[in-house]
Q: 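Before I ask anything, here is the structure I am working with.
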Amino acid sequence: MTSEFIGHVSNREGSDIVPPQGPVIDKDYILRHARAAEEAGIDRLLIGAFSTWPDNNQIAAHVFSHTSRIGALLAHRTGFMAPTLAARQLATLDQFSDGRLWVHIITGGSDADQQRDGDFLDHDRRYERTDEYLTVLKKVWENEEPFDHEGEFYKFKGAFSQVKPVHGQRIPISFGGSSEAAFKVAGKHADIYALWGEPLDGVRETIGKVREAAAPFGRADDIRFTLAFRIVVAETEDKAWERADAILDRVKSIARPGGNGEKLPSNVGSLRLREAAARGKVLDKWLWTEVAAASGAGGNSTALVGTPDQVAEALLDYYDAGVSNFLMRGFYPTEDTVAYGRDVAPLVKAGIAARQARAVAAE
């Protein structure tokens, strides 16, 4: 099971504790951050999407054109363009990047964010539309001849794309969402399923549900899993917790709505993080929940706190639970990303290699 270590880049510098600064599209920051992440060994960068943010396709193109190795995990919201057009756009970007693209499908957990762009379907209907959208998207990539499609949400005649993904018939599809509707679509379509940094028991539960949903399609063992979290690392555990306390104070002093504008995010993933936070400030070994509680858990807001060895040990526990990819978004964006790639990821890679060697020896 191969693993990727994923960071995050936005249109300008900012986080829970770093107020947005610079122009709305800060080209210099984007490149400094992407190049620092690439040099630190990060495999790819998540580029998110909200209804008020700049177009992330063009941010990805900017990153690709000025880097040589690092990939992108590009958030893509379904329902706002035809899947035939999306298939051509994504395949074109994949070609220009020499196959460095993964696409992360966003169905939309926030009614408010969807409605800003004119989408008034309810939660479960959005997932039904995503199911059909991905069916068409993949068919455009795979088919060498024009095809017709008539479904509940889309109708096409003679759909075809000259441009195809670099690596065969597919761009890897990452998928998120913690509702039963999300599990159903993920089981059918996802290559990678992404979940926020829940305690180990919650992660095992979600992995089990996704694999169960994938079983009728013969895909239960094919789906990989990505864990999204934060890190707070220092040379000693005491210093790491001092940093965590300072971060929490800062979060409380500048708390503001998340990217979707909701006062208290209503999606199931946020609810699960708030439920985890109610169980305790620190869960398992070093899973810190206080920022999720203070911020409303509008995103991946739990963190692993400790020395690089301790954080790596916690990540290896998640690897043993079935997680293969680890996504980190920094409180201090570039500083934390570099520390993650330089100090933590090599330890996790070594632990994974040792586990794989033991498994081979035992065969």
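Every heavy atom of this structure was used, including side-chain atoms; hydrogens, water molecules and symmetry mates were not.
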Q: Leu347, Phe326: one ILVMFWY side-chain cluster at the under-4.5 Å cut-off?
A: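 No, separate clusters.
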Q: State plainly whether the residues Asp113 and Arg77 are in salt-bridge range, i.e. N to O under 4.0 Å.
A: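 Salt bridge present between Asp113 and Arg77.
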Q: Same hydrophobic cluster for Leu134 and Phe183, using side-chain heavy-atom links shorter than 4.5 Å among ILVMFWY?
A: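 As far as the 4.5 Å side-chain criterion goes, Phe183 and Leu134 are connected within one cluster.
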Q: Step by step, would you call Tyr318 with Leu200 a side chain to side chain contact (heavy atoms under 4.5 Å, CB included)?
A: CA-CA 7 Å; Tyr318 284 108; Leu200 282 162; 3.5 Å; yes
Q: Please report the shortest heavy-atom distance between Arg126 and Gly108, naming the atom on each side.
A: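 Closest approach of Arg126 to Gly108: NH2-O, 2.7 Å.
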Q: May I ask you to list the residues sharing a hydrophobic cluster with Leu273, side-chain cutoff 4.5 Å, ordered by chain and number?
A: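 ILVMFWY cluster around Leu273 also holds Trp196.
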Q: Any side-chain donor-acceptor pair under 3.5 Å between Thr130 and Thr107?
A: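 Side chains of Thr130 and Thr107: pair found under 3.5 Å.
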Q: Check residues 34-49 and write down every donor-acceptor pair under 3.5 Å in which the side-chain atom is one partner and the other belongs to a residue at least two apart or another chain.
A:
unit_1: Arg35; atom_1: NE; unit_2: His66; atom_2: O; d: 3.4
unit_1: Glu38; atom_1: OE2; unit_2: Ser68; atom_2: N; d: 3.2
unit_1: Glu38; atom_1: OE2; unit_2: Arg69; atom_2: N; d: 2.5
unit_1: Glu38; atom_1: OE2; unit_2: Ile70; atom_2: N; d: 2.8
unit_1: Asp43; atom_1: OD2; unit_2: Phe5; atom_2: N; d: 2.7
unit_1: Arg44; atom_1: NE; unit_2: Glu4; atom_2: OE1; d: 2.6
unit_1: Arg44; atom_1: NH1; unit_2: Ala72; atom_2: O; d: 3.0
unit_1: Arg44; atom_1: NH1; unit_2: Arg100; atom_2: O; d: 3.0
unit_1: Arg44; atom_1: NH2; unit_2: Glu4; atom_2: OE2; d: 3.4

Q: State, to 0.1 Å, how close Leu227 and Gly197 come at their nearest heavy-atom pair, and which atoms those are.
A: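 Scanning both residues completely, I find the closest heavy atoms to be CD1-CA, 3.5 Å.
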Q: Would a single hydrophobic cluster contain both Ile59 and Ile105, if residues Ile, Leu, Val, Met, Phe, Trp and Tyr are joined by side-chain heavy-atom contacts under 4.5 Å?
A: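 Result: yes, single cluster for both.
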Q: How close do Ala303 and Ile231 get, heavy atom to heavy atom, and via which atoms?
A: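 Smallest interatomic distance, heavy atoms only, reads CB-N, 4.4 Å.
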Q: Using the ring-ring contact (aromatic ring centres under 6.0 Å, His included) criterion, which residues pair with Phe229? Sequence neighbours excluded.
A: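 Partners of Phe229 under the ring-ring contact (aromatic ring centres under 6.0 Å, His included) test: Tyr340.
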Q: Can you measure from CD1 (Ile171) to OG (Ser97) and round to the nearest 0.5 angstrom?
A: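 Rounded to the nearest 0.5 Å, the CD1-OG separation comes to 8.0 Å.
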Q: Rounded at 0.5 Å granularity, tell me how far OG1 in Thr307 sits from CD in Gln310.
A: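 Thr307 atom OG1 to Gln310 atom CD measures 3.5 Å (nearest 0.5 Å).
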Q: Take Glu152 and Arg125 through the test salt bridge (charged side-chain N to carboxylate O under 4.0 Å, His left out) and record every step on the way to the result.
A: CA-CA 11 Å; Glu152 183 176 359; Arg125 289 285 285 166; 2.5 Å; yes
Q: Please report the closest heavy-atom contact between Gly22 and Asp26, naming both atoms and the distance.
A: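 Nearest pair, atom of Gly22 first, then Asp26: CA-OD2, 4.0 Å.
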Q: Is the shortest side-chain heavy-atom distance between Arg230 and Leu304 below 4.5 Å?
A: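 A side-chain contact under 4.5 Å is absent here.
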Q: Would the number of heavy atoms belonging to other residues, nucleotides or ligands and lying under 6.0 Å from CD of Gln21 be above 12?
A: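 Atom CD in Gln21 is packed in, count exceeds 12.
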Q: With His189, which residues qualify under ring-ring contact (aromatic ring centres under 6.0 Å, His included), at least two apart?
A: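 Checked His189 against ring-ring contact (aromatic ring centres under 6.0 Å, His included); zero matches.
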Q: So do Asp191 and Trp102 actually touch side chain to side chain, heavy atoms under 4.5 Å?
A: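 Side-chain contact under 4.5 Å: no.
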Q: Going by salt bridge (Lys or Arg N to Asp or Glu O under 4.0 Å), name the pairs with one or both residues in residues 294-304, residues two or more places apart or in two chains.
A: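 Passing the test, one end in residues 294-304: no pairs.
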Q: Answer whether the closest heavy-atom distance between the side chains of Val282 and Thr289 falls below 4.5 Å.
A: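 The answer is no, as the side chains (C-beta and beyond) never meet within the 4.5 Å cut-off.
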Q: Could I get the full list of salt bridge (Lys or Arg N to Asp or Glu O under 4.0 Å) partners for Asp131, not counting sequence neighbours?
A: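 For Asp131 the salt bridge (Lys or Arg N to Asp or Glu O under 4.0 Å) partners, ignoring immediate neighbours, are Lys188.
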Q: For the residue pair His76 and His104, establish whether any side-chain heavy-atom pair is separated by less than 4.5 Å.
A: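 Heavy-atom side-chain distance check fails, nothing below 4.5 Å.
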Q: If the condition is salt bridge (Lys or Arg N to Asp or Glu O under 4.0 Å), which residues does Glu150 pass it with, not counting sequence neighbours?
A: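 Testing Glu150 for salt bridge (Lys or Arg N to Asp or Glu O under 4.0 Å), a comparison that skips the adjacent residues, returns none.
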Q: Taking 4.0 angstrom as the limit, do Asp148 and Lys155 come out as a salt bridge?
A: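 Salt bridge absent between Asp148 and Lys155.
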Q: Counting C-beta onward and ignoring hydrogens, is there a side-chain heavy-atom pair between Phe96 and Ser65 closer than 4.5 Å?
A: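 No, too far: nothing below the 4.5 Å cut-off.
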Q: Would you sort out whether Lys184 and Glu128 count as a salt bridge (charged side-chain N to carboxylate O under 4.0 Å, His left out), showing the intermediate values?
A: CA-CA 9 Å; Lys184 181 178 178 180; Glu128 291 170 5; over 6 Å; no
Q: Check which hydrophobic residues are tied to Val338 through side-chain heavy-atom contacts below 4.5 Å, counting indirect links as well, and list them.
A: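 Joined to Val338, directly or through intermediates: none.
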Q: Using every non-hydrogen atom in the two residues, find where Arg243 and Asp336 come nearest and quote the distance to one decimal.
A: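 In terms of heavy atoms, the two residues are closest at NH2-OD1, 3.8 Å.
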Q: Check for a donor-acceptor pair, side chain of Gln95 on one end and backbone N or O of Lys164 on the other, with a separation under 3.5 Å.
A: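 It does hold such a pair.
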Q: Between Gln58 and Asp55, do the side chains contain an N or O donor and an N or O acceptor separated by less than 3.5 Å?
A: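 Yes - a donor-acceptor pair under 3.5 Å links their side chains.
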Q: Evaluate side chain to side chain contact (heavy atoms under 4.5 Å, CB included) for Leu195 paired with Thr226, printing each intermediate quantity in order.
A: CA-CA 6 Å; Leu195 58 158; Thr226 297; over 6 Å; no
Q: So, using ring-ring contact (aromatic ring centres under 6.0 Å, His included) as the criterion, who are the partners of Tyr29 when residues are at least two apart?
A: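 Once residues adjacent in sequence are excluded, the partners of Tyr29 under the ring-ring contact (aromatic ring centres under 6.0 Å, His included) criterion are His33.
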Q: Taking 4.0 angstrom as the limit, do Arg12 and Asp28 come out as a salt bridge?
A: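 Looking at Arg12 and Asp28, the cut-off is not met.
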Q: Mind jotting down which residue pairs meet the ring pair (Phe, Tyr, Trp, His ring centres under 6.0 Å) criterion with at least one end in residues 199-227? Sequence neighbours excluded, please.
A: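 Non-adjacent pairs meeting ring pair (Phe, Tyr, Trp, His ring centres under 6.0 Å): zero.
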Q: Would a 4.5 Å heavy-atom cut-off, applied to side chains only, mark Ser174 and Tyr193 as touching?
A: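 No; the side chains remain at least 4.5 Å from each other.
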Q: Taking side-chain hydrogen bond (donor to acceptor under 3.5 Å, both in side chains) as the cut-off, I'd like each qualifying pair that reaches into residues 275-286, sequence neighbours left out, listed once.
A: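 Residue pairs with at least one partner in residues 275-286: Asp201-Arg279, Lys285-Glu313, Lys285-Asp317.
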Q: Give the minimum heavy-atom separation between Pro54 and Val24, together with the two atoms involved.
A: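 Smallest heavy-atom distance, with atoms named: CG-CG1, 3.9 Å.
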Q: Test side chain to side chain contact (heavy atoms under 4.5 Å, CB included) on Asp16 and Phe331 and set out the steps.
A: CA-CA 6 Å; Asp16 315 68; Phe331 289 111; 4.0 Å; yes
Q: Is it the case that over 12 heavy atoms from other parts of the model lie below 6.0 angstrom from the CD atom of Glu142?
A: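 Yes, the 6.0 Å shell around CD holds more than 12 heavy atoms from other groups.
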Q: Which of parallel (below 30°), tilted (30 to 60°) and perpendicular (above 60°) describes Phe156 and His149?
A: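 Because their plane-to-plane angle lies in the 30° to 60° range, the rings of Phe156 and His149 count as tilted.
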Q: If the condition is salt bridge (Lys or Arg N to Asp or Glu O under 4.0 Å), which residues does Glu235 pass it with, not counting sequence neighbours?
A: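 Here the qualifying residues are Lys239.
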Q: I need the Phe160 CZ to Asn143 CG distance, nearest 0.5 Å.
A: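 CG of Asn143 is found 8.5 Å from CZ of Phe160.
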Q: When rounded to the nearest 0.5 angstrom, what distance separates CG in Leu137 from OG1 in Thr84?
A: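 Leu137 CG to Thr84 OG1: 9.5 Å, rounded to 0.5 Å.
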Q: Between Met81 and Tyr133, does a side chain to side chain contact (heavy atoms under 4.5 Å, CB included) hold up when you go through it step by step?
A: CA-CA 10 Å; Met81 68 170 67; Tyr133 187 100; 3.8 Å; yes
Q: Are Tyr319 and Val348 close enough that some pair of their side-chain heavy atoms sits under 4.5 Å apart?
A: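 They are not in side-chain contact.
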Q: Should Asp98 and Val166 count as side-chain neighbours, where that means a heavy-atom distance under 4.5 Å?
A: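 Not touching, per the 4.5 Å side-chain cut-off.
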Q: Any Lys/Arg nitrogen of Asp320 or Arg355 sitting under 4.0 Å from an Asp/Glu carboxylate oxygen of the other?
A: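 Counted as a salt bridge, because a side-chain N and a carboxylate O are separated by less than 4.0 Å.
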